[in-house]
Amino acid sequence: MQLKRFNLHSAHAASPTGINMRTKYALTDKVVWITGAAGGIGAASAKAIYDAGACLVLTDLTQTSVDALVAGMDCKRVLAQSLDVTDAYQTKSVVNCAVARFGRLDIAIANAAISWSGEPATLISCDEAEFERIVEVDFLGVWRTVKAALPEVLRNRGQIVVTSSIYAFINGMVNAPYAASKAAVESLGRSLRSELAGTGASASVLYPGWTSTPMAKVAFGGHPVATELLNTIMPAPARRPIPPEDVARALVEGLACRAPRIIVPPRWRPVSLLRGVLMLVTDEYIDRSAAMHRLVRRIDILSRSVHARAGNEMEKSVEQSTK
């Protein structure tokens with residue numbers, strides 16, 4: 001059997017729509033929706049994309065937070081709304097409001113995410129409701145954002161970006177719901193890109209490394225045992241956090257060329273490429289490392305203690321309210 005020769009250059013150069021997918025995608029006058037826009041990577045990305053000439057639809061959990069973000073921006077170019085991405089109706093309403101305001105939606109960046117609200121936890125010690133809430137926001141919230149935006153993005157031959165993480169290809173112990181969600185987001189984004197091929201629209205996956213945001217603080221001194229765990233498993237260059245502005249710059253560059261993968265900082269690209277081998281090596285190390293075992297057990301004990309105290313306080317509160 002003779003295989004048809006595959007021309008990589010021509011495959012990426014054009015789509016059946018007649019659009020050259022290698023042509024630079026200009027952000028000027030495009031309408032861009034960013035979820036989780038009020039802090040960290042979302043806020044830095046909003047500013048960078050605004051500076052590139054786009055109009056913005058910015059959403060986060062509270063109206064106050066997005067109002068603060070748009071202060072100083074041209075009100076004609078921004079729409080700020082509160083949004084809980086776990087609510088499908090609200091999510092679709094944002095798209096309707098964007099179209100009513102700007103006449104279109106070109107790009108959706110599904111960036112909203114949360115992690116443990118306090119102590120890191122193991123699967124044994126974690127609160128079930130919190131685990132499921134994280135998955136609800138970090139994975140299903142991305143899905144709802146994508147689903148709501150797709151008709152407009154397809155109509156305008158625009159782009160979808162889903163924010164995954166380096167956790168998509170490293171071990172997610174003591175941060176399992178976040179890591180599992182980010183791995184699922186990666187798979188969702190890759191599937192979507194393939195399904196959009198030939199339509200003129202495209203999808204990209206953003207993989208930030210550790211970034212200097214409140215969410216990452218727990219691993220960088222915010223929790224001594226979690227910090228020691230990270231220092232034990234990761235070499236110093238790998239665990240060095242980057243400012244969210246670095247992620248924003250990489251995102252703008254990725255949008256300009258419809259990059260399938262935006263991995264930032266670049267030192268994580270070989271890790272992604274070699275993830276199959278590195279997964280075997282790191283998992284084997286963790287399996288055999290007594291130091292790692294002790295640290296995980298300490299986090300487990302601390303997490304159980306915190307949840308036990310919270311349970312006792314709740315019981316006392318209920319008793320007092322019934323007196």
Side-chain angles (χ1 to χ4, degrees), residues 12 19-60 65-81 83 94-95 97-99 101-113 142 145-146 148-150 152-164 189 192-193 196 200-209 211-213 242-266:
H12 284 281
I19 292 178
N20 188 335
M21 300 298 281
R22 292 169 61 93
T23 302
K24 185 175 180 179
Y25 185 91
L27 289 173
T28 306
D29 296 328
K30 296 296 192 297
V31 180
V32 182
W33 174 25
I34 305 174
T35 67
I41 291 170
S45 299
K47 292 170 185 174
I49 292 170
Y50 178 84
D51 289 343
C55 297
L56 299 178
V57 180
L58 303 175
T59 59
D60 214 310
S65 63
V66 284
D67 285 345
L69 177 61
V70 302
M73 294 182 179
D74 183 352
C75 62
K76 295 178 181 178
R77 290 176 52 198
V78 294
L79 172 63
Q81 288 196 336
L83 170 66
V94 168
V95 175
C97 289
V99 174
R101 173 71 177 276
F102 298 112
R104 60 192 293 129
L105 177 67
D106 298 284
I107 299 171
I109 301 172
N111 175 70
V142 169
T145 302
V146 168
L150 264 176
E152 269 296 298
V153 170
L154 269 170
R155 185 174 73 87
N156 297 306
R157 297 173 176 178
Q159 302 187 54
I160 298 280
V161 179
V162 295
T163 302
S164 179
L192 180 61
R193 186 176 181 90
L196 291 177
S202 62
S204 306
V205 182
L206 174 64
Y207 302 84
T211 308
S212 298
T213 64
I242 59 172
E245 289 76 16
D246 286 4
V247 181
R249 280 191 293 270
L251 174 59
V252 169
E253 292 170 2
L255 288 169
C257 63
R258 295 181 183 263
R261 290 164 296 282
I262 306 166
I263 302 175
V264 57

Validation row: [X], [Y] side chains within 4.5 angstrom (heavy atoms):
X	Y	result
Val153	Leu196	no
Cys97	Leu79	yes
Leu192	Leu150	yes
Ile41	Pro208	yes
Tyr50	Asp74	yes

Specify the closest pair of heavy atoms between [X] and [Y], including all atoms of both residues, with the distance to one decimal.
X	Y	answer
Leu105	Ala149	CD2-CB, 4.0 Å
Gln159	Tyr25	NE2-CD2, 3.1 Å
Ser204	Ile262	CB-CD1, 4.4 Å
Pro243	Thr211	C-CG2, 3.9 Å
Arg101	Val78	NH2-O, 3.1 Å

Does [X] have any side chain to side chain donor-acceptor pair (under 3.5 Å) partners at least two apart in sequence or in another chain, and if so, which?
X	result
Asp29	none
Thr59	Trp33
Ser164	none
Thr213	none

Qualifying residues under side-chain contact (heavy atoms from CB on, under 4.5 Å), relative to [X], sequence neighbours excluded:
X	result
Ala37	Ile34, Leu58, Leu69
Val142	Ala110, Val146, Val162, Val185, Leu188
Asp51	none
Ala112	Thr35, Val85

How long is the span from the [atom1] atom in [X] to the [atom2] atom in [Y], to the nearest 0.5 Å?
X	Y	atom1	atom2	result
Leu255	Leu27	CG	CG	5.5 Å
Glu253	Lys24	CD	NZ	9.5 Å
Cys55	Ile49	SG	CD1	12.0 Å

Test item: [X] side-chain N/O and [Y] main-chain N/O as donor-acceptor pair under 3.5 Å:
X	Y	result
Arg258	Gly158	yes
Arg77	Leu56	no
Arg193	Ala203	yes

[X]: which residues meet the salt bridge (charged side-chain N to carboxylate O under 4.0 Å, His left out) condition with it, sequence neighbours left out?
X	result
Arg155	Glu152
Asp60	none
Arg249	Asp246
Arg261	none

- Item | Partner of Val247 by side chain to side chain contact (heavy atoms under 4.5 Å, CB included), out of Thr163, Leu206, Val252 | Leu206

